[in-house]
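On a predicted model such as this, the values are computed, not experimentally measured, just so you know. Residue numbers count from 1 along this sequence.
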Amino acid sequence: MDKIRWGILSTGGIARKFAEGLQFLDDAELLAVGSRSKQAAEEFGDQYGVPRRYASYAELANDPDLDAIYIATPHPLHHENSLLCLQANKAVLCEKPFMINAAQAAEVIDYAVSHRLFLMEAMWTRFLPAMVRLRELLAAKAIGEVRIVQADFSFRTALDPQNRLFNLELGGGALLDAGIYPVSMASMVFGTPAKIVNISHLGETGADEQTAVILGYEQGQLAVLTTATRTAGPQEVVIRGTEGYIKIENWLGASQLQIVRPGQPPELINLPLEGNGYNYEAAEVMRCLRTGQTESMVMPLEESLTLMRTLDTIRSSIGLKYPGE
């Protein structure tokens, strides 16, 4: 494959970030975009130089020249859109959260696995150079045995009942939209939790506006996670070990790690981004396609399924259900 030919399904803000990311990959070609309206597809195509513009998702999925499709719709549509593209024999990179619930995730994963098609959750932060280096440091026990992960992704935004952050029809709530990042961070470090404790505040639309979660693990490790859409937060990660801790500020676009060990000056590791960060997950998809892999071991399908189960458990405890569940 000289170039991997991409299609983007939907034209919203996250689709635009992905299109910008592809521009930093010489071996990627953004060939097509699909929208529910011709006008939106044309405007997106004009902005990013996309030659093929489709007025339906089905037309995009059935373009015979596409190698991979990035799904950028709101998460209640991920299940339907992923199956549409997989049934057209396309590799799929689906925006996080992977699906609305674990049942949907299991169905899509089963289809991809049984048909030997590539599928990956687009957890873009996991592929950043800082996160690659973090995994190396933890594997080398740079801070000893890791015991606690603290992670926050919180922000203050205006209440708009029709906005996807608050509208249950669009999968609204801090947990699925923003909280997936801290939960995924804990999963990357510790794996599957043995115990889940959480508390949330539900706003006037019924969506959670802030949620705190404590995950417990078999060897006694803890993950302390916070997320919010109506409350500002530090948006930082602190990974605490027996011989020091690693701090990551502004971790969703992290370009620096700070290692702090008792009695020593802090050690800074600079890992600047190339592109806008979304290029790294696209590069991983293309690497997998070229090597014949149907999933990425950096973001494996079983982990995406486990993450959805964790989110399901948290939502069940606070009585948060979405239409159709």
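At least one donor-acceptor pair under 3.5 Å links the side chain of Arg53 to the backbone N or O of Gly45. Checking side-chain atoms of Thr227 against main-chain N and O of Gly179 turns up a donor-acceptor pair under 3.5 Å. Not a single donor-acceptor pair under 3.5 Å links the side chain of Arg116 to the backbone N or O of Val113. Ser316 places no side-chain N or O within donor-acceptor distance of the main-chain N or O of Asp312, the cut-off being under 3.5 Å. One N or O on the side chain of Lys90 and one on the backbone of Ala88 form a donor-acceptor pair closer than 3.5 Å. At least one donor-acceptor pair closer than 3.5 Å links the side chain of Arg156 to the backbone N or O of Arg230. Listed for the Gln150 side chain is no donor-acceptor partner under 3.5 Å among the backbone atoms of Val224. The closest donor-acceptor contact from the side chain of Ser114 to the backbone of Tyr111 lies under 3.5 Å.
Between Arg315 and Asp208 no salt bridge is recorded (no basic side-chain N to carboxylate O distance below 4.0 Å). One finds no salt bridge joining Glu29 and Lys3 here, because no Lys/Arg side-chain nitrogen approaches an Asp/Glu carboxylate oxygen to under 4.0 Å. A salt bridge is absent between Lys141 and Glu145: the closest approach of a Lys/Arg side-chain nitrogen to an acidic carboxylate oxygen does not fall below 4.0 angstrom. A salt bridge links Arg52 with Asp65: the distance from a Lys NZ or Arg NE/NH1/NH2 to an Asp or Glu carboxylate oxygen falls below 4.0 Å. Salt bridge annotation for Arg261-Glu267: present, with a cationic side-chain nitrogen under 4.0 angstrom from a carboxylate oxygen.
A side-chain N or O of Arg16 and one of Gln47 form a donor-acceptor pair less than 3.5 Å apart. A side-chain N or O of Tyr54 and one of Asp63 form a donor-acceptor pair less than 3.5 Å apart. Using a 3.5 Å distance cut-off with no hydrogens or angles, the side chains of Tyr48 and Glu20 do pair a donor with an acceptor. When only modelled atom types and interatomic distance are considered, Ser200 and Thr211 share a side-chain donor-acceptor pair under 3.5 Å. Between the side chains of Gln235 and Asn250, no donor-acceptor pair is found at a separation under 3.5 Å. A donor and an acceptor atom, one from each side chain of Thr229 and Asp177, are nowhere located under 3.5 Å apart. Side-chain contact of Gln293 with Thr291: a donor-acceptor pair under 3.5 Å is present, judged by distance alone.
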Apply side-chain hydrogen bond (donor to acceptor under 3.5 Å, both in side chains) to the pair Glu284 and Ser296, showing each step before the final yes or no. CA-CA 7 Å; Glu284 172 67 2; Ser296 166; 2.6 Å; yes
Give the C-alpha distance, both sets of side-chain angles, the deciding distance and a yes or no for side-chain hydrogen bond (donor to acceptor under 3.5 Å, both in side chains) between Thr205 and Asn167. CA-CA 7 Å; Thr205 67; Asn167 187 341; over 6 Å; no
Check step by step if side-chain hydrogen bond (donor to acceptor under 3.5 Å, both in side chains) holds for Tyr57 and Glu80. CA-CA 10 Å; Tyr57 298 154; Glu80 172 188 340; over 6 Å; no
Could you go step by step and tell me if Thr231 and Gln210 meet the side-chain hydrogen bond (donor to acceptor under 3.5 Å, both in side chains) rule? CA-CA 7 Å; Thr231 304; Gln210 57 187 33; 2.8 Å; yes
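For Asp26, the CG atom counts as loosely surrounded, since its 6.0 Å shell holds 12 or fewer non-hydrogen atoms of other residues, nucleotides or ligands. With a 6.0 Å radius and a threshold of 12 heavy atoms from other residues, nucleotides or ligands, Leu252 has its CG atom above the threshold. Counting non-hydrogen atoms of neighbouring residues, nucleotides and ligands closer than 6.0 angstrom, the CZ atom of Arg36 reaches no more than 12 such neighbours.
Using a 4.5 Å heavy-atom threshold, the side chains of Tyr217 and Leu215 count as touching. Counting only heavy atoms from C-beta outward, the side chains of Leu268 and Leu257 never approach each other to under 4.5 Å. By the 4.5 Å heavy-atom criterion applied to side chains, Tyr322 and Pro76 are not counted as neighbours.
Hydrophobic clustering (side-chain heavy atoms under 4.5 Å, transitive across Ile, Leu, Val, Met, Phe, Trp, Tyr) groups Val108 together with Leu301. No chain of hydrophobic side-chain contacts below 4.5 Å, direct or via other Ile, Leu, Val, Met, Phe, Trp or Tyr residues, connects Leu77 to Val92. Leu202 and Leu159 fall within a single hydrophobic cluster, where Ile, Leu, Val, Met, Phe, Trp and Tyr are joined by side-chain heavy atoms under 4.5 Å apart, directly or via other members.
In this structure, Tyr70 and Phe18 have parallel ring planes: the angle between them is below the 30° cut-off, well short of the 60° mark. In this pair, His78 and His75 present their aromatic rings perpendicular. The plane angle is above 60°, beyond the 30 to 60° band.
Note that OG of Ser255 and CD1 of Ile269 are 12.5 Å apart. Values are rounded to the nearest 0.5 Å.
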Could you list the donor-acceptor pairs under 3.5 angstrom formed between side-chain atoms of residues 184-197 and any protein atom two or more places apart in sequence or on another chain?
{"unit_1": "Ser184", "atom_1": "OG", "unit_2": "Arg126", "atom_2": "NH2", "d": "2.8"}
{"unit_1": "Ser187", "atom_1": "OG", "unit_2": "Glu303", "atom_2": "OE2", "d": "2.6"}

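Checked options Phe24, Trp124, Phe127; the residue passing with Tyr278 is Trp124 (criterion: ring pair (Phe, Tyr, Trp, His ring centres under 6.0 Å)).
No close placement of the Trp251 and Phe153 rings is indicated, their centers lying 6.0 Å or farther apart.
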